[in-house]
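What follows is a short report on a single structure.
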There are 2 protein chains.
Amino acid sequence: MFSDPFSHLPRTACRTIEMQKGDVLFRQTQTTSGLYRVVSGCVTLQRTGLGGDTLTLHRALSGGLFAEASVFSETYHCDAICTAAGSVTKIAKVDVIVTMQYNSAFSEGFTRLLAVQVQQYRAHIELLAIPSAKERILAAVQAGYLDATVTELATRINLSHEACYRALRGLCDDGRLIRVGRGKYALP
Amino acid sequence: MFSDPFSHLPRTACRTIEMQKGDVLFRQTQTTSGLYRVVSGCVTLQRTGLGGDTLTLHRALSGGLFAEASVFSETYHCDAICTAAGSVTKIAKVDVIVTMQYNSAFSEGFTRLLAVQVQQYRAHIELLAIPSAKERILAAVQAGYLDATVTELATRINLSHEACYRALRGLCDDGRLIRVGRGKYALP
DNA sequence: GATTCTTTATGATCTGGATCATATGTTTTC
DNA sequence: GAAAACATATGATCCAGATCATAAAGAATC
């Protein structure tokens with residue numbers, strides 16, 4: 001595993017912000033000032049269309065970054081709203097830009113981090129395209145998605161938890177998965 | 001719109017490769033030598049698990065890049081198989097690495113390109129999570145997805161074309177979309 | 001220009017997953 | 001330690017989208 005590229009930044013580059021549900025971190029069209037990492041809680045990125053309808057663009061959870069592209073843009077392209085209380089670390093855009101220019105380890109690390117995310121999102125999109133619940137779950141287990149609760153897995157792959165449990169049982173009946181304990185499954 | 005960062009590379013960095021269906025561009029565990037852009041045709045990235053099952057990680061179409069992360073890795077993490085005849089441009093890893101270090105316009109452009117892709121994939125994943133066909137299609141039209149055929153739109157958002165057409169009609173009946181022609185729909 | 005192929009479009013039927021309902025076991029809260 | 005909340009798990013029923021079938025229109029090929 002690779003170290004966090006943001007550790008190359010000056011300590012002053014990172015500022016922790018506490019947030020309550022409903023707090024707005026930034027608004028669309030505001031001048032960009034930084035990117036963020038969620039420490040705890042949840043932040044939803046969304047955009048409001050001309051008709052007033054809200055389009056959700058991302059839900060950033062604990063450990064996840066968001067607004068990376070703001071480094072390259074004058075203004076934010078959406079709103080960031082706290083949807084579960086917690087805290088975020090704001091990483092100052094100025095420091096990111098300067099460090100990118102003068103510290104190649106940071107520059108490379110940041111780019112690598114984005115490239116790996118691209119990989120992961122592409123794979124996830126392919127997985128979501130698998131029509132059958134059973135096959136999708138098997139692929140998800142193979143891809144290492146079952147690292148928390150089964151209900152979280154279900155949500156993550158767009159299934160109800162009932163469908164998820166049933167398919168897990170079906171896969172065990174088929175000998176394609178092994179139930180090693182309550183909520184725990186392994187590949188044979 | 002931003003220019004292609006790869007235009008900063010020396011001309012010798014890019015090599016066009018013709019491919020037939022079934023051709024292998026690289027194999028998992030092979031030493032990395034470059035990343036690719038699809039000129040025409042289709043390339044599928046896949047990984048074979050211990051059980052012999054194949055997991056599709058990405059389908060790269062015309063204009064799309066793949067194997068960006070190979071720049072940061074010793075070996076390819078999957079196989080790249082041609083699934084529709086055409087050609088790809090192979091971009092030499094060595095040139096990417098060197099240009100990244102000495103040409104900040106390239107470095108920044110490449111990083112931006114990845115950041116924008118992250119944004120787009122995240123938004124796509126949120127869209128795929130919309131349960132109802134009608135709402136998913138409306139969101140897709142709002143997000144600009146209906147830029148080709150309705151059947152392509154349907155596939156892209158994991159719906160059958162029949163469900164897609166029916167939902168489009170429903171949205172028109174509701175006054176939430178306007179049918180401006182055969183296969184053409186606009187927002188009110 | 002005729003033929004073939006593809007896209008658009010619709011109706012009927014089927015089905016796999018969603019929803020509803022319930023129970024048990026585990027974890028968290030007080 | 002008791003109560004509340006949450007995760008795991010299952011059965012029954014429902015339903016929204018998939019599948020099957022068909023037709024018309026438009027694009028591509030010869």
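Below, chains carry the letters A, B, ... as their sequence lines are ordered, and counting in each starts from 1.
Taking atom CG of B:Leu168 as the reference point, atom C1' of C:dT7 lies 13 Å away to the nearest angstrom. Rounded to whole Å, the distance from CD on A:Glu162 to P on C:dA21 is 12 Å. The CG atom of B:Leu159 sits 16 Å away from the P atom of C:dA9 (whole-angstrom rounding). The distance from atom NE2 of B:His161 to atom P of D:dA23 is 15 Å, rounded to the nearest whole Å. Rounded to an integer number of Å, the gap from B:Leu128 CG to D:dG17 P is 14 Å. Separating the CG atom of A:Leu153 from the P atom of D:dC6 is a distance of 20 Å, rounded to the nearest angstrom. In this entry the distance linking OH of B:Tyr185 with C1' of C:dT7 reads 11 Å, nearest Å. Note: CZ (A:Arg136) to C1' (C:dG16) measures 11 Å, nearest angstrom.
Of the possible polar contacts, none joining the A:Thr56 side chain to the B:Glu126 backbone as a donor-acceptor pair under 3.5 Å is found.
Put simply, the side chain of B:Arg182 and the base of C:dT6 share no donor and acceptor less than 3.5 Å apart.
In this model, the phosphate group of C:dT10 is not approached by any side-chain N or O of B:Tyr165 to a distance below 4.0 Å at OP1 or OP2. Neither OP1 nor OP2 of D:dA9 sits under 4.0 Å from any side-chain N or O of A:Arg169. Contact check, A:Thr149 against D:dC6: no side-chain N or O comes under 4.0 Å of OP1 or OP2. Listed pair B:Ser132 / D:dA16 fails the phosphate criterion, with no side-chain N or O lying under 4.0 Å from OP1 or OP2.
Both the sub-6.0 Å distance and the 45° axial angle are not jointly satisfied by B:Arg27 relative to the ring of B:Tyr76. A:Phe66 does not carry A:Arg37 over the face of its six-membered ring by the limits of under 6.0 Å from the centre and within 45° of the normal.
Ring pair B:Tyr121/A:His124: centre-to-centre distance not below 6.0 Å.
Residue order along DNA chain C, read from the 5' end via each residue's closest nucleotide, puts B:Val150 first among B:Val150 and A:Lys134.
Using a 4.0 Å cut-off between charged side-chain N and carboxylate O, B:Glu68 and B:Lys93 make no salt bridge.
Contact annotation for A:Arg166: base contact, defined as any heavy-atom pair under 4.0 Å involving a base atom.
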